[in-house]
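Quick notes on the structure that follows.
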Amino acid sequence: MNQKIRIIASKNSWIEQDAIDQLEGISSLEGIVKVVGLPDLHPGKTPVGAAFISENIIYPHIIGNDIGCGMSLFMTDIKKHKVNISRWIKKLETFENMQEIDIEGFIKEDIPFLEKIGTIGGGNHFAEFQQIEKVFDEAIFETLGINKKNMMILVHSGSRGYGQEILDEVIKKYHAQKGLRVGSNDIDDYLKQHEKAVKWAENNRKWIAYRLLKALGSNTDVQRILDSTHNSITKKHLDEKVYYIHRKGAAPGDLGPVIIPGSRGSLSYIVMPKECEISAYSIAHGAGRKWKRGGCKEKLENKYTKKTIKQTKFGANVVCKNKNLLFEEAPEAYKNIERVIEDLLDANLITVVATLKPVVTYKG
DNA sequence: ATGTCC
C-alpha cells in the first residue's frame with residue numbers, strides 16, 4: 001500500500017479489499033497528498049468512511065451527490081417518561097407521506113428543491129428518537145446543554161436532489177472527475193454551490209425533526225445540540241498553506257463534539273474528537289456497511305417475521321414502509337459500532353462523552 | 001445517495 005494511505009482500524013475490524021483498492025485509486029489522483037480510511041470504511045462508488053487531503057485541486061466526484069449529508073441531534077421538550085411509544089408508532093405508521101405534514105410559518109422564497117424540504121430520503125437516512133443511556137465524561141457532557149430526561153431526535157439526512165443536481169452540473173460543465181483547479185472559476189463556482197447544499201442539508205435536518213414532532217402532536221420547538229457534516233469538501237489552513245479535506249462518510253475531527261450512530265439496533269455515541277493529522281482531521285461517521293444492499297433480504301427473511309424485523313435491541317422499533325429497505329438497513333448489515341469506537345479510542349482520536357439508545361427509528 | 005435501476 002502506498003505511503004499516502006493510512007487505514008485506522010485494528011486487525012479485528014474487517015475491511016473489504018475492494019475499499020482498500022478504491023483508496024489506492026484515489027491516492028493516485030493528481031494533487032492528493034493524504035488518504036485516510038476510518039474504521040467504518042467500506043466500498044461505494046467512491047470509498048465510504050474515508051478522508052482525502054488535496055493541494056491546489058478538488059474532486060467533486062469523491063464526495064458524490066449527497067453534498068452536506070450529516071447528523072443533527074436535537075433535544076425536544078418531551079419528557080421521556082411521558083411518552084407512549086406504541087401510540088407514537090401508530091401515529092408514525094398512519095400517515096402516508098411525511099410531506100402531508102405542513103410546515104407552518106416557513107419562508108418559502110428562494111429555496112431550491114423546496115418540495116424536498118423536511119423529507120428524509122432513502123438508503124441509510126433516518127430520524128431516530130433516542131434517550132441518553134450513559135454519560136462517560138461529565139465535564140464535556142455538561143457543555144452540551146442536554147437534559148437527560150428529555151427525548152432526543154437524531155436526524156441523518158443530506159441535500160436530497162439538490163446535491164445531485166450540483167454534482168451533475170459540475171461534471172457536465174467542467175469534466176470535474178479530472179478535478180477543479182485552485183485559481184479557476186470552476187472551483188469557486190462549485191464551492192459556492194457546495195456551500196449552499198451543505199446549508200440546505202443542515203436546515204433540512206431541522207425541518208425533518210419539526211415534521212415528526214408535528215405528526216406526533218408534540219411541541220415542535222427543538223434545540224439543536226449537535227450538527228456534523230460527513231460529506232463535504234472543506235478548506236484547511238496548515239503551515240501557511242491551504243489544503244482541501246474531502247470527507248466521504250467521515251465526520252470532522254476538528255470542530256468539536258460529534259455524534260456517531262450505529263445501526264438501528266445499537267447505541268449512538270457522542271464523542272469529542274482530538275484534532276490530529278494522522279486521521280486527516282476526521283473520524284468515523286457510523287458503523288459502516290458490512291453487507292451489500294443486494295442480498296440482505298435473502299439472507300435475513302427466514303430469520304424474521306413481518307413483525308420481528310421491526311423490533312430491535314433495547315426494546316426499540318422501526319417504522320419503515322419500504323420492505324426491502326427494512327432488510328437492507330437491518331442491524332446485521334452493519335459492522336459493530338463498539339468495534340469502530342474501540343478503534344478510534346486505540347488510535348487516540350476521541351474521548352467518549354455519552355451513549356444514546358434508540359426508542360423509535362423512522363425511515364423515509 | 002437518487003421520485004434510481006431491475
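Chain letters run A, B, ... following the sequence lines, proteins first, then strands; residues in each count from 1.
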> Residues two or more places apart in sequence or in another chain: which of them pass salt bridge (charged side-chain N to carboxylate O under 4.0 Å, His left out) with A/E55?
Replying inline: A/K241
>> Restricting to salt bridge (charged side-chain N to carboxylate O under 4.0 Å, His left out), what partner residues turn up for A/K173, sequence neighbours left out?
In response: A/D189
>> Please report the distance, rounded to the nearest Å, between CZ in A/R160 and C1' in B/dT2.
In response: 8 Å
List, with names and distances, any nitrogen or oxygen atoms from the protein found under 3.5 Å away from nitrogen or oxygen atoms belonging to nucleotides 4-6 of chain B.
none

Tabulate below the donor-acceptor pairs under 3.5 Å that side-chain atoms of residues 356-364 of chain A make, not counting sequence neighbours, or state none.
{"unit_1": "A/T361", "atom_1": "OG1", "unit_2": "A/E128", "atom_2": "OE1", "d": "2.6"}
{"unit_1": "A/K363", "atom_1": "NZ", "unit_2": "A/G123", "atom_2": "O", "d": "2.9"}
{"unit_1": "A/K363", "atom_1": "NZ", "unit_2": "A/H125", "atom_2": "O", "d": "2.9"}

Sugar-phosphate, base or nothing in reach of [X], heavy atoms under 4.0 Å:
X: A/G122; value: sugar-phosphate
X: A/G44; value: nothing
X: A/G123; value: sugar-phosphate

> Which pairs, with at least one residue in residues 202-261 of chain A and sequence neighbours excluded, count as a ring-ring contact (aromatic ring centres under 6.0 Å, His included)?
Replying inline: A/F106-A/W207, A/H156-A/H230, A/W207-A/Y210, A/H230-A/H285
>> Checking the side chain of A/K149 only, and the main-chain atoms of A/H81 only, is there a donor and an acceptor separated by less than 3.5 Å?
In response: no
Show me the donor-acceptor pairs within less than 3.5 Å that the side chains of residues 67-77 of chain A make with the rest of the protein, sequence neighbours left out.
{"unit_1": "A/S72", "atom_1": "OG", "unit_2": "A/R205", "atom_2": "NE", "d": "3.0"}
{"unit_1": "A/S72", "atom_1": "OG", "unit_2": "A/R224", "atom_2": "NH1", "d": "2.7"}
{"unit_1": "A/S72", "atom_1": "OG", "unit_2": "A/D227", "atom_2": "OD1", "d": "2.3"}
{"unit_1": "A/T76", "atom_1": "OG1", "unit_2": "A/I78", "atom_2": "N", "d": "3.1"}
{"unit_1": "A/T76", "atom_1": "OG1", "unit_2": "A/M151", "atom_2": "O", "d": "2.7"}
{"unit_1": "A/D77", "atom_1": "OD2", "unit_2": "A/N219", "atom_2": "ND2", "d": "2.8"}

